[in-house]
There are 2 protein chains.
Amino acid sequence: MSPKQQRGAETAERLLDAALQVYAESGEQGVTVSALTKASGVSLGSLYHHFGSVDGLMRVLLLRWLGRLLEELAGGVERARTAKGAVRALVRVYLTFIQEHPDASRLLHSSYADRVGMAQAAQLRDAQEARLSPLTAWVRLHTESGEIAALEAPMVEALVMGPIVATARRWLSGIDDADLDQAARVLPERIWRSISP
Amino acid sequence: MSPKQQRGAETAERLLDAALQVYAESGEQGVTVSALTKASGVSLGSLYHHFGSVDGLMRVLLLRWLGRLLEELAGGVERARTAKGAVRALVRVYLTFIQEHPDASRLLHSSYADRVGMAQAAQLRDAQEARLSPLTAWVRLHTESGEIAALEAPMVEALVMGPIVATARRWLSGIDDADLDQAARVLPERIWRSISP
DNA sequence: TGGATTTCTAGAAAACAGTTCTAGAAATTG
DNA sequence: CAATTTCTAGAACTGTTTTCTAGAAATCCA
């Protein structure tokens with residue numbers, strides 16, 4: 001990578017960092033072109049050169065973080081030895097992730113996520129090939145071995161991820177100081193009951 | 001109500017209808033002042049007279065539909081005789097609602113919901129007094145009678161509504177033609193397992 | 001090496017959306 | 001029937017996003 005491209009990449013990077021920071025500080029409404037250029041010190045022209053639009057910038061930011069989350073979820077599932085262990089891993093990884101990256105997680109659960117659209121998210125999943133949707137691959141596997149009930153994959157996904165995401169959203173919205181540690185302890189057992197044969 | 005006020009109310013109504021229609025057709029981005037005035041045939045001045053802002057208009061629309069959904073959920077729960085029956089009712093009512101009002105449901109699950117903010121939704125819940133959050137009241141009741149496990153209310157809410165909402169979101173996004181009838185049959189049993197003592 | 005080309009940066013200008021403002025019309029009230 | 005209120009209307013203003021033109025810096029190839 002040439003010095004110029006290097007500098008270009010750094011500029012893009014600085015914009016992405018600034019975007020998350022601005023979003024964290026002033027919410028979705030606060031993410032304006034001027035706020036971004038001011039926070040990053042990058043000019044208007046560069047922003048449009050690298051990302052084409054503000055939404056384009058946010059799309060990249062979003063997909064990057066979505067990628068990280070899926071990556072970690074897949075890793076957790078892969079390391080698990082049993083189906084039940086996988087459920088535990090999913091809960092733990094997800095809840096840990098939102099605690100470690102609350103701003104990015106809020107972004108992931110925000111409207112921008114809708115705007116990017118499922119199509120792109122699915123695309124990202126497919127791009128990860130081997131580690132496609134941690135869940136669907138896993139469901140296929142464990143259904144066959146009889147470890148979990150013979151339900152449609154989407155149903156298992158709803159039963160497993162539904163409560164996790166609901167808990168995460170609640171904590172992220174900060175309406176109460178939900179106890180994530182307790183959730184991490186109790187949820188796996190409860191979720192397991194719902195999908196076991 | 002005087003004829004003039006009548007006409008005013010009708011104007012507001014026409015705007016609300018147009019807003020949902022525009023949202024359904026062109027998504028969140030498409031909901032602009034000009035699109036609204038054009039679709040409703042109502043003037044700019046009237047829009048601002050009645051709602052103060054575009055967000056204000058969407059807020060009213062959103063709260064109206066949120067109210068209907070909560071109303072129906074509360075009704076379903078109230079008619080149930082057992083805790084398990086209540087879970088069945090919640091699943092049935094929710095999935096029926098999104099099928100009957102897909103556009104409004106998409107709006108409810110969209111980013112506007114965030115923009116209105118939890119505060120307002122909570123406010124709406126409280127305003128319903130006796131029929132406050134269908135779930136929390138219900139949880140309190142059935143926990144005491146030992147019908148469901150002694151978990152924190154938010155946890156029960158996550159375990160019950162999480163899978164329902166996840167299923168709803170999936171169907172609304174139209175990524176696959178998920179079978180809601182099947183979900184309505186299977187989910188209650190599975191959810192029940194996760195929260196029973 | 002050195003001119004042509006690509007890539008990046010920069011900000012002025014244009015296009016567009018949301019809101020405010022002023023004014024007039026229609027109905028109600030005293 | 002005058003005064004007041006409520007509603008409708010659209011022009012003007014403000015702020016935001018995007019496009020456009022131009023210049024600077026690095027790379028590439030004759």
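Sequence lines set the chain letters: A, B, ... in the order given, protein chains first and strands last, and positions in each chain run from 1.
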Worksheet item: Going 5' to 3' along nucleotides 16-22 of chain C, which nucleotides have protein heavy atoms under 4.0 Å from the base (write B), which only from the sugar-phosphate (write S), and which from neither (write -)?
Response: --SBB--
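- Remark: P of dA24(D) and NE2 of His49(A) are 18 Å apart, rounded to the nearest angstrom.
- Scanning both residues, Tyr23(B) and Arg106(B), for their nearest heavy atoms gives OH-O, 3.6 Å.
- Counting to the nearest Å, the C1' atom of dA25(D) and the CD atom of Glu10(A) are 15 Å from each other.
- The distance between atom NZ of Lys38(A) and atom P of dG11(C), rounded to the nearest whole Å, is 15 Å.
- To the nearest angstrom, P of dT7(C) lies 12 Å from NE2 of His50(A).
- Across the protein-nucleic acid pair, Leu15(A) atom CG and dA10(C) atom C1' stand 13 Å apart, rounded to whole Å.
- Ion pairing of Glu152(B) with Arg190(A) is absent here, as no side-chain N (NZ or NE/NH1/NH2) approaches a carboxylate O to less than 4.0 Å.
- Counting only residues at least two apart or on different chains, the ring-ring contact (aromatic ring centres under 6.0 Å, His included) pairs with a member in residues 62-91 of chain B are Trp65(B)-His101(B).
- Here the P atom of nucleotide dG10(D) and the CG atom of Leu47(B) are 14 Å apart, to the nearest Å.
- The existence of a salt bridge linking Glu147(B) and Lys84(B) is excluded, since no basic side-chain nitrogen approaches an acidic carboxylate oxygen closer than 4.0 Å.
- Among all heavy-atom pairs drawn from Ala19(A) and Met58(A), the shortest one is CB-SD, 4.0 Å.
- Of the candidates Thr37(B), Leu47(B), Val60(B), Leu15(B) forms a side chain to side chain contact (heavy atoms under 4.5 Å, CB included) with just one, namely Leu47(B).
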